[in-house]
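Below is one structure; the comments refer to it alone.
Atoms within a ligand are numbered from 1 in the order they appear, just like the ligands themselves.
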Amino acid sequence: MSQTRILYTKPSITEREITYATDAAAHGWGERCYDYINRFERDFANWIGATHAIATSSCTGAMHMALAALEIGEGDEVILADTNWIATVAPIVHVGATPVFVDVLAQSWCLDPVKVEAAITPRTRAIVATHIYGNLCDLDALAVIAERHGLVLIEDAAEAIGSVYHGRRAGSVGRFGVFSFHGTKTMTTGEGGMFVTSDPDLYERVLTLSNHGRKRGETRQFWPAEIGFKYKMSNVQAAIGCAQLERIDELVARKREVFHQYQAALRAWPQISMNPEPAGTLNGYWMPTAIFEPATGVTREQLQAAFGREQIDARVFFSPLSSTPPFAAVPQNQLAFDLPSRAINLPSYHDLTPEQIERVVACLLSVLPEAR
Ligand SMILES: *Cc1c(COP(=O)(O)O)cnc(C)c1O
């Protein structure tokens with residue numbers, strides 16, 4: 001019997017996004033060419049709880065500019081989790097710094113603070129805390145370590161919109177935070193990103209770099225003071241972003257609802273664990289992940305085959321970056337190497353139906369002999 005395919009993510013686009021984008025396309029030119037961009041930056045900063053925001057063409061671009069603004073480069077080391085997306089490390093390499101991959105914690109799949117501290121050398125400049133799949137890093141512990149060693153704490157909150165750490169939104173705690181509005185993320189502008197900070201000097205620096213090195217207040221036309229970047233978001237994309245931001249609470253609430261439905265359906269199976277939500281935090285649950293206990297013997301390959309048969313677009317857990325061709329393997333990052341071999345990411349999007357969730361759960365459990 002043929003079934004409709006279940007995608008792994010899909011944006012939620014309503015009349016509001018269409019109206020704003022249409023308005024930007026029809027009227028957002030000339031004197032109004034920055035209106036939606038300015039509004040999106042202001043409203044996003046407000047919502048996140050940071051003083052400043054700069055909209056960008058991607059999260060990768062936001063990270064690249066901010067690292068350059070901090071003059072992180074040749075000879076510097078930047079610590080990040082081995083469990084990560086390539087976008088987090090590429091800008092570190094682009095500025096000429098050396099990425100140092102450390103292992104993650106068993107519960108959060110995020111940076112292990114003890115391993116972070118052990119990896120610090122006289123060359124270390126920064127720690128990048130990636131909130132993987134919406135799960136929060138131990139920001140208190142990382143902030144203490146950063147402070148003690150004079151390092152910059154950076155948050156990659158690309159996957160963590162809607163996650164809240166002890167009353168503060170993910171991305172607003174570190175020296176700066178970066179977000180992604182790629183089409184697969186909880187809120188989208190198609191492609192896009194955001195840099196946020198509450199440090200006025202860093203903001204000015206990134207603003208200049210983001211403007212091809214032209215300083216604010218420069219009266220000469222076409223007059224760069226230095227080589228900068230061109231990672232800007234367009235007004236039409238920002239219009240979609242404004243509409244998504246007005247719906248952000250609804251978008252996050254739906255992500256949480258989908259997660260809770262999976263969690264309830266899997267509660268009877270302690271051999272499967274999912275994304276944590278420690279006391280004092282909220283998880284935006286960008287991506288619901290199911291991890292099988294080693295004793296089950298369930299493998300990623302079995303899971304991929306089962307989901308493939310059922311026309312469900314479940315995705316593998318990130319392979320450790322150090323295992324990919326651009327880098328040298330760091331096999332002592334045992335959890336980062338082990339977790340992907342017995343995990344799968346489950347579909348989650350706004351319009352996912354209870355019946356589709358049941359289909360995903362049935363497929364997931366089909367690999368467990370005791371559940372059949
Ligand atoms: C999606 C993602 C990014 C990159 O976002 P782009 O907008 O595609 O540059 C960076 N880091 C993480 C952890 C991501 O999931």
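- Remark: aromatic rings of H64 and F229 are close, center separation under 6.0 Å.
- For ligand 1, the atoms lying closer than 4.0 Å to a non-hydrogen atom of G192 are 7 (O).
- Comparing heavy-atom distances from atom 2 (C) of ligand 1 across H131, M194, K185, H64 singles out K185 as nearest.
- Checking only distances, W286 never comes within under 3.5 Å of ligand 1, N or O to N or O.
- At least one N or O atom of T60, backbone or side chain, sits closer than 3.5 Å to an N or O atom of ligand 1.
- Under a 4.0 angstrom heavy-atom cut-off, A62 registers as lying outside contact with ligand 1.
- Close approach to W85 involves these atoms of ligand 1, each under 4.0 Å from a residue heavy atom: 2 (C), 3 (C), 14 (C).
- Between K232 and E41 there is no salt bridge, since no side-chain nitrogen of the basic residue lies less than 4.0 Å from a carboxylate oxygen of the acidic one.
- Those atoms of ligand 1 with a heavy atom of D156 less than 4.0 angstrom away are 10 (C), 11 (N), 12 (C), 13 (C).
- Sparse packing is recorded around CD of Q334, with 12 or fewer heavy atoms of other residues, nucleotides or ligands lying under 6.0 Å away.
- Of all atoms in ligand 1, listed by their number and element, those nearer than 4.0 Å to a heavy atom of C59 are 4 (C), 5 (O), 6 (P), 7 (O), 9 (O), 10 (C).
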N/O donor-acceptor pairs under 3.5 Å from side chains in residues 272-284, not counting sequence neighbours:
{"from": "N275", "atom 1": "OD1", "to": "T289", "atom 2": "N", "distance (Å)": "2.8"}
{"from": "N275", "atom 1": "ND2", "to": "N135", "atom 2": "OD1", "distance (Å)": "3.3"}
{"from": "N275", "atom 1": "ND2", "to": "M287", "atom 2": "O", "distance (Å)": "3.0"}
{"from": "E277", "atom 1": "OE2", "to": "R256", "atom 2": "NH1", "distance (Å)": "2.6"}
{"from": "E277", "atom 1": "OE2", "to": "R256", "atom 2": "NH2", "distance (Å)": "3.4"}
{"from": "E277", "atom 1": "OE2", "to": "N283", "atom 2": "N", "distance (Å)": "2.9"}
{"from": "T281", "atom 1": "OG1", "to": "P278", "atom 2": "O", "distance (Å)": "2.6"}
{"from": "N283", "atom 1": "OD1", "to": "Y285", "atom 2": "N", "distance (Å)": "2.7"}
{"from": "N283", "atom 1": "ND2", "to": "N135", "atom 2": "OD1", "distance (Å)": "2.9"}
{"from": "N283", "atom 1": "ND2", "to": "P276", "atom 2": "O", "distance (Å)": "3.0"}

Verdict with reasoning, R342 to L339, per side-chain contact (heavy atoms from CB on, under 4.5 Å): CA-CA 6 Å; R342 49 188 175 85; L339 289 170; 4.0 Å; yes

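- Neither the backbone nor the side chain of M63 has a heavy atom within less than 4.0 Å of ligand 1.
- In this model, no donor atom of one side chain and acceptor atom of the other lie less than 3.5 Å apart for N333 and D103.
- The number of heavy atoms from other shown groups lying within 6.0 Å of CD (Q107) does not exceed 12.
- P288 and S348 make their closest contact through CD-CB, 3.4 Å (heavy atoms, listed as atom of the first residue, atom of the second, distance).
- The aromatic rings of F40 and F181 sit tilted, their planes meeting at an angle between 30° and 60°.
- Atoms of ligand 1 found under 4.0 Å from any heavy atom of T130 (numbered from 1 in listed order, with element): 13 (C).
- The shortest N or O to N or O distance between E191 and ligand 1 is not under 3.5 Å.
- Regarding atom 13 (C) of ligand 1, its nearest protein heavy-atom neighbour is E159 OE2, 3.4 Å.
- Closest protein heavy atom to atom 7 (O) of ligand 1: S180 OG, 2.7 Å.
- With a 4.0 Å cut-off on non-hydrogen atoms, A158 touches ligand 1 through its side chain and not its backbone.
- Here R300 pairs with nothing under the side-chain hydrogen bond (donor to acceptor under 3.5 Å, both in side chains) rule; sequence neighbours left out.
- Listed by number with element, the atoms of ligand 1 under 4.0 Å from a non-hydrogen atom of A87 are 3 (C), 4 (C), 10 (C).
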